[in-house]
Amino acid sequence: MPNPKQKEAKERLRNMSGKGAAEESIPLLEDHHIRGLKGEEVYEDDQKLSRRVWIESKKLWQIVGPAIFSRLTSYSMLVITQAFAGHLGDLELAAISIANNVIVGFDFGLLLGMASALETLCGQAFGAKKYYMLGIYLQRSWIVLFICCVLLLPLYLFPSPVLKLLGQPHDVADLSGIAALTMLPLHFSFAFQLPLQRFLQSQLKNAIIAWISLLALIVHVIVSWLFVYQLKLGVVGTAMTLNFSWWVLVFGHLGYTIFGGCPLTWTGFSIEAFSGLWEFTKLSAASGVMLCLENWYYRILILMTGNLKNAEIAVDALSICMTINGWEMMIPLAFFAGTGVRVANELGAGNGKGAKFATTVSVVTSVIIGIFFWVLIMIFHDKLAWIFSSSQPVLQAVNNLSILLAFTVLLNSVQPILSGVAVGSGWQKYVAYINLGCYYLIGVPLGFLMGWIFHLGVLGIWAGMIFGGTAIQTLILAAITIRCDWDKEAEKASMHVKKWAEVK
C-alpha cells in the first residue's frame with residue numbers, strides 16, 4: 001500500500017508531465033519503490049533480530065547478573081575456607097580440600113540436583129501464572145530434601161574409613177573426617193537454602209538473593225578471621241566458618257519469603273505440601289541423579305588423584321585447579337539457572353519459539369565469556385596458585401595443569417547451558433542416562449587408562465575424563481537441543497503444569 005509521501009510524488013509527476021508522462025513514470029517509481037522496500041525489509045529484519053536479542057539479553061541478564069554475584073559470593077566462602085587452610089600447611093589444605101570437594105561436594109551435588117526440580121516446576125508454573133503452586137512446590141522440596149539429608153548423615157559421620165578404603169593417605173583421611181563432622185550444620189542448611197534460592201529465582205527475584213549472599217560473605221570473612229587467626233582453632237575452626245555463613249543465607253531468604261516478599265506465591269504453610277510427595281520425589285530424584293552424576297564426576301577425579309605417587313602434592317594441585325574452575329564455573333552455572341528459568345517460563349506460557357530463542361542467546365553469550373577466561377588462564381598460567389599456596393612443588397604442578405584448566409573452562413561455557421535447557425524443559429531423566437554413559441562408561445575408564453596405563457599421572461586422568469566424558473556429553477546435548485520440536489515441548493509443558501496443579 002503506497003504511503004502518503006508516495007501518493008504525493010505520483011501527483012507531482014502527473015502535474016509536471018501530464019497524464020502520459022505520469023503513466024510512463026509511475027511504473028518506474030513503483031519498481032524503484034519495490035526495490036527499496038526489499039532493502040528496507042532486510043534492514044527491518046536485521047533491526048528486529050537485534051532488538052529481539054537485546055530484549056532477550058535483558059531478560060536473561062536480569063536473572064544471570066544477580067545469579068553470578070550470588071553464586072560467586074557463595075563459592076567464595078569455600079575458596080576463602082580453602083585459602084585459610086592452605087596457609088596452615090599442606091596437610092591441612094589436603095584435608096579441607098577432600099572435605100569440601102569430595103564429602104560436601106558429593107552431598108551438595110545430589111541436593112542441588114534434587115532442588116533443581118523446582119526450576120522446572122516453579123518456572124513453568126510462573127510462566128503459566130499458577131502462582132499459588134510455587135509455595136506448595138517449595139514446601140514439598142523442603143520435606144523431600146530434609147529426609148534426604150537424614151539419609152545422607154553417614155557421609156559426614158563415618159568418612160575417614162571410606163576415604164582410607166579409597167586409597168587416601170591415613171593422615172589426610174583422618175583430618176578430613178574431623179573437618180566433615182564439623183560441617184554437619186552446613187549439610188542441613190542445603191535442604192532449605194537450595195529450594196529457597198530456586199523458588200525466588202523462578203520469580204525473577206534475583207536482586208534479593210544477591211544482597212543476602214553479600215551479607216553472608218561478609219559474615220564468613222569475619223568469622224574466618226576470628227576462628228583461624230584470633231582463636232587459632234585450626235582445621236576445626238576453618239571448617240566451622242561455613243556453618244555460620246550458609247545459615248545466614250537460609251534465614252535471609254526465608255525471612256524475605258515469609259514476611260511479605262512473595263505475596264503472590266507464598267500464602268503460608270499448607271498441609272497440601274504433604275500431598276503428592278511421591279510424584280514430587282520421583283522428579284526430584286531424576287533431577288538429582290542428572291546433576292549429581294556430573295558433580296560427582298569431578299570428585300572422582302580428585303579421589304583417583306589421591307592414589308597417585310606423591311599424592312599430597314597432586315591432590316593439592318588438582319584441588320586448586322578445581323577451585324579456580326569452580327570459581328569461574330559460577331558464571332556458566334548462573335547461565336544454567338537463567339536458561340532454565342527462561343526456557344521454563346516461555347514453555348509454561350506456551351511459547352516454544354521463545355524458548356528456542358532464549359536458548360540460542362544464552363549459549364552464544366556464555367561462549368563469548370568462556371573464550372575470555374580461556375585467554376586469561378593461558379596468559380597467567382604460572383601465577384594461578386599464588387592465592388592458595390606458597391609451596392613451590394604445588395605452584396609448579398598447577399602450572400603444568402593450566403592448559404587443561406583453560407580448555408575445561410571453555411568447554412564448561414557450553415555444557416551447563418544445555419543442561420539448563422534440559423531442566424527448563426523437564427528432560428532430567430533422559431539427561432541422567434546420557435551423563436551416566438558419557439561420564440562413567442567413557443570418561444572414568446579413559447581417565448584411568450591415560451593416568452595409569454600410559455603413566456601420564458594427574459594430567460592423563462583429567463584429560464581423559466574431560467575429553468572422554470564432558471566433551472561427548474556436550475555434543476549429545478547440543479544435538480538433542482538442535483533437533484528439539486519446541487512447539488511440542490510447549491504443549492507438553494502446558495500439560496505438566498495442569499497435571500501438577502491437580503496433584504493432591
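Computed from a predicted structure; not experimentally measured. Computed over heavy atoms, backbone and side chain alike; hydrogens, waters and symmetry mates excluded.
- Atoms CG and CG, from Leu112 and Asp107 in turn, are 10.5 Å apart once rounded to the nearest 0.5 Å.
- Ser76 and His220 share no donor-acceptor pair across their side chains, judged by distance under 3.5 Å alone.
- Between Phe269 and Trp266, the ring planes lie perpendicular to each other; the angle is over 60°, past the 30° to 60° tilted range.
- Side-chain atoms of Ser366 never come within 3.5 Å of backbone atoms of Ser362 as a donor-acceptor pair (strictly under, hydrogens ignored).
- Residue Phe126 is tested with Tyr137, Tyr132, Tyr131 for a ring pair (Phe, Tyr, Trp, His ring centres under 6.0 Å); the sole match is Tyr131.
- Every residue two or more places apart in sequence or in another chain that forms a side chain to side chain contact (heavy atoms under 4.5 Å, CB included) with Ile472 is listed here: Cys438, Ile442, Ile476.
- With sequence neighbours excluded, no residue satisfies ring-ring contact (aromatic ring centres under 6.0 Å, His included) with Trp486.
- The line from CD of Gln193 to CZ of Arg198 is 8.0 Å long, rounded to the nearest 0.5 Å.
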Practice task
Could you walk me through whether Ile143 and Phe280 pass the side chain to side chain contact (heavy atoms under 4.5 Å, CB included) test, one step at a time?
Solution key: CA-CA 10 Å; Ile143 295 166; Phe280 193 92; over 6 Å; no
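- In this structure, Ser189 contributes its side chain and Leu186 its backbone to a donor-acceptor pair below 3.5 Å.
- For Phe199, there are no ring-ring contact (aromatic ring centres under 6.0 Å, His included) partners two or more places apart in sequence or in a different chain.
- Checking Tyr156, Phe146, Phe192, Phe106 one by one against His187, the ring pair (Phe, Tyr, Trp, His ring centres under 6.0 Å) holds for a single residue, Tyr156.
- Remark: the backbone N or O of Ala355 is paired with a side-chain donor or acceptor of Thr359 at under 3.5 angstrom.
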Could you list the donor-acceptor pairs under 3.5 angstrom formed between side-chain atoms of residues 54-66 and any protein atom two or more places apart in sequence or on another chain?
| from | atom 1 | to | atom 2 | distance (Å) |
| --- | --- | --- | --- | --- |
| Glu56 | OE1 | Arg342 | NH2 | 2.9 |
| Glu56 | OE2 | Arg342 | NE | 2.9 |
| Ser57 | OG | Val53 | O | 2.7 |

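- Remark: side-chain polar atoms of Lys205 are paired, donor with acceptor, to backbone N or O of Gly261 under 3.5 angstrom.
- Between Leu152 atom CG and Cys148 atom SG the span is 4.5 Å, to the nearest 0.5 Å.
- Taking Glu328 as the reference, nothing meets the salt bridge (charged side-chain N to carboxylate O under 4.0 Å, His left out) condition, with sequence neighbours excluded.
- Formation of a donor-acceptor pair under 3.5 Å by the Arg140 side chain with backbone atoms of Thr281 is not found in this model.
- Judged by distance alone, with hydrogens and angles left aside, the side-chain atoms of Gln124 form a donor-acceptor pair with the main-chain N or O of Gly424 at under 3.5 Å.
- Salt bridge status for Glu491 with Lys488: absent, with no side-chain N to carboxylate O gap under 4.0 Å.
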Exercise for the section: Mind running side-chain hydrogen bond (donor to acceptor under 3.5 Å, both in side chains) on Thr470 and Gln415 for me, showing each step along the way? Expected result: CA-CA 8 Å; Thr470 309; Gln415 186 273 333; over 6 Å; no
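- A distance-only check finds no donor-acceptor pair linking the side chain of Trp462 to the backbone of Leu318 [under 3.5 Å].
- For Ser284, there are no side chain to side chain donor-acceptor pair (under 3.5 Å) partners at least two apart in sequence or on another chain.
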